[in-house]
Amino acid sequence: LRTRLLTRAQGNPFYLEELLNYLHDRGLDPLDPDDLKKIELPDSLHTLILSRLDQLSESEKITLRVASIIGRLFRAAWLMGYYPELGDVPQTKADLDQLAALDITPLDTPEPDLAYLFKHIVTHEVTYESLSFSTRAQLHEQLARYLENAGTSLDTIAYHYGRSENTEKQREYFRKAGEQAQKNFANDAALEYYGRLLPLLKGPQEQTQIHMQRGQVLELMGKW
């Protein structure tokens, strides 16, 4: 078994750790010959993580997927605030504690600013990609609407609206974030926001204004 694990992990310590977690979650005893016969190792890290997630309860799966929309690091307050469908606070907290105990999303920051972290970026990516594109877009918009009233940075709100299908809000926040970046001399960020905004504008008058603002930024950077 040790040889099989090392061969499958191919020198990746995270992969090896997840393989051991996979066996542990199933209650398999490596010293039991009968259990050894039952061991079938997933053939890729992606499949392995999905297999581990499949072992979670339904409420834990939903909590994890909804949290993946926020990012690899997520605040419990944001999670419960933007997606109240998770249930009451004790239930959600119990799910988060269990996910932390399983070492999937360990605690990052204790109360009062309770936050958790997907232990590995691959776990976050697999969880996020397990959601359909339309579901991801809907949840990003739901989160962005919550963050509008939570005193969050324009960059964060623009990021989540940017992953939604709400073009009206994208126009609003790409413009706001671009103008703020220009004001703060964050020139590359301003150019990126204005560049994303231009294709969303309806008329030449609005487009001309943004081209002029891009020109001001480029002039400041000496990119004649």
Side-chain angles (χ1 to χ4, degrees), residues 46 49 62-86 105 108-109 113 115-118 120-224:
H46 187 280
I49 292 173
I62 294 172
T63 299
L64 196 65
R65 287 169 178 157
V66 173
S68 73
I69 296 295
I70 300 174
R72 187 180 171 195
L73 175 68
F74 61 93
R75 298 180 188 176
W78 287 14
L79 178 66
M80 292 181 274
Y82 102 89
Y83 200 81
E85 294 90 335
L86 288 176
T105 52
D108 182 80
T109 309
D113 299 319
Y116 297 83
L117 177 74
F118 280 84
H120 198 280
I121 191 171
V122 179
T123 307
H124 175 249
E125 289 173 352
V126 170
T127 305
Y128 183 79
E129 291 167 4
S130 69
L131 296 165
S132 68
F133 179 83
S134 60
T135 301
R136 293 200 302 256
Q138 178 185 341
L139 289 175
H140 275 294
E141 179 174 351
Q142 198 166 321
L143 174 59
R145 287 190 181 278
Y146 166 77
L147 294 177
E148 280 184 291
N149 301 313
T152 313
S153 70
L154 286 174
D155 286 325
T156 303
I157 299 171
Y159 170 81
H160 289 290
Y161 273 130
R163 293 205 161 198
S164 75
E165 295 180 333
N166 190 329
T167 53
E168 181 180 346
K169 284 292 187 178
Q170 287 173 0
R171 282 193 291 268
E172 177 184 349
Y173 278 95
F174 289 167
R175 183 190 296 272
K176 286 180 177 178
E179 289 174 348
Q180 183 183 71
Q182 183 178 0
K183 181 180 178 180
N184 294 335
F185 302 102
N187 299 320
D188 289 331
L191 290 175
E192 181 181 350
Y193 281 124
Y194 289 151
R196 295 179 70 185
L197 173 61
L198 275 169
L200 303 176
L201 298 176
K202 297 177 180 179
Q205 185 172 351
E206 285 185 297
Q207 291 174 343
T208 298
Q209 179 188 347
I210 297 302
H211 277 301
M212 293 292 288
Q213 288 176 241
R214 277 174 56 86
Q216 291 170 1
V217 176
L218 290 165
E219 182 178 3
L220 192 64
M221 298 171 72
K223 293 189 175 182
W224 305 105

> In Å, rounded to the nearest 0.5 Å, how long is the span from CD of Glu148 to CG of Leu154?
Replying inline: 10.0 Å
> So, do Asp188 and Glu192 sit near enough that their side-chain heavy atoms are less than 4.5 Å apart?
Replying inline: no
> Yes or no on side-chain contact (heavy atoms from CB on, under 4.5 Å) for Tyr83 and Thr63, after CA distance, side-chain angles and deciding distance?
Replying inline: CA-CA 9 Å; Tyr83 200 81; Thr63 299; over 6 Å; no
> Should Leu197 and Arg171 count as side-chain neighbours, where that means a heavy-atom distance under 4.5 Å?
Replying inline: yes
> CG/Asn166 to CD/Glu141 distance, rounded to the nearest 0.5 angstrom?
Replying inline: 4.5 Å
> Shortest non-hydrogen contact from Arg196 to Gly162?
Replying inline: NH2-CA, 3.8 Å
> Considering residues, nucleotides and ligands other than Glu85, do more than 12 of their heavy atoms fall under 6.0 Å from its CD?
Replying inline: yes
>> Quick one, Arg175 and Ile210 - any side-chain contact, counting heavy atoms below 4.5 Å?
In response: yes
> Would His211 and Leu198 count as a side-chain contact (heavy atoms from CB on, under 4.5 Å) if you check the C-alpha gap in whole Å, the side-chain angles of each, and the deciding distance to 0.1 Å?
Replying inline: CA-CA 8 Å; His211 277 301; Leu198 275 169; 3.6 Å; yes
> What pair of heavy atoms forms the shortest contact from Ala158 to Tyr193, and how long is it?
Replying inline: CB-CE2, 4.0 Å
>> Contact between Tyr194 and Glu179 at the side-chain level, heavy atoms closer than 4.5 Å - yes or no?
In response: yes
>> To the closest 0.5 Å, what do you measure between OG1 (Thr156) and CD1 (Ile70)?
In response: 11.5 Å
Just distance, no hydrogens or angles: give the donor-acceptor pairs under 3.5 Å from side chains in residues 217-224, sequence neighbours left out.
none

> Is there a donor-acceptor pair under 3.5 Å between the side chain of Arg214 and the backbone N or O of Leu191?
Replying inline: yes
> Minimum heavy-atom separation for Arg163 to Tyr128, with atom names?
Replying inline: NH1-OH, 3.1 Å
> Quick one: ring pair (Phe, Tyr, Trp, His ring centres under 6.0 Å) pairs with a partner in residues 165-188, sequence neighbours left out?
Replying inline: Tyr161-Tyr173
> Considering all heavy atoms of both residues, which atom of Ala137 and which atom of Glu165 are nearest to each other, and what is their separation?
Replying inline: CB-CG, 3.9 Å
> Hey, does Tyr146 have a side-chain heavy atom less than 4.5 Å from the side chain of Thr152?
Replying inline: no
>> Once you measure the plane-to-plane angle for Tyr116 and Phe74, does it fall in the parallel (<30°), tilted (30-60°) or perpendicular (>60°) bin?
In response: parallel
>> Using every non-hydrogen atom in the two residues, find where Ile69 and His160 come nearest and quote the distance to one decimal.
In response: O-CE1, 3.2 Å
> Taking it one step at a time, do Lys202 and Glu206 satisfy salt bridge (charged side-chain N to carboxylate O under 4.0 Å, His left out)?
Replying inline: CA-CA 7 Å; Lys202 297 177 180 179; Glu206 285 185 297; over 6 Å; no
>> Using 0.5 Å steps for rounding, measure from the NZ atom of Lys183 to the CD atom of Gln180.
In response: 8.0 Å
> Is any side-chain heavy atom of Arg75 closer than 4.5 Å to a side-chain heavy atom of Thr109?
Replying inline: no
>> What's the separation between atom CG in Asn187 and atom CD in Gln216, rounded to the nearest 0.5 Å?
In response: 11.5 Å
> Any idea which heavy atoms bring Tyr82 and Val66 closest together, and the distance?
Replying inline: OH-O, 2.8 Å
>> Under a 3.5 Å threshold, yes or no: a donor from one side chain and an acceptor from the other, between Gln213 and Gln209?
In response: yes
> About how many Å separate CZ of Arg65 and OG1 of Thr135, when rounded to the nearest 0.5 Å?
Replying inline: 10.0 Å
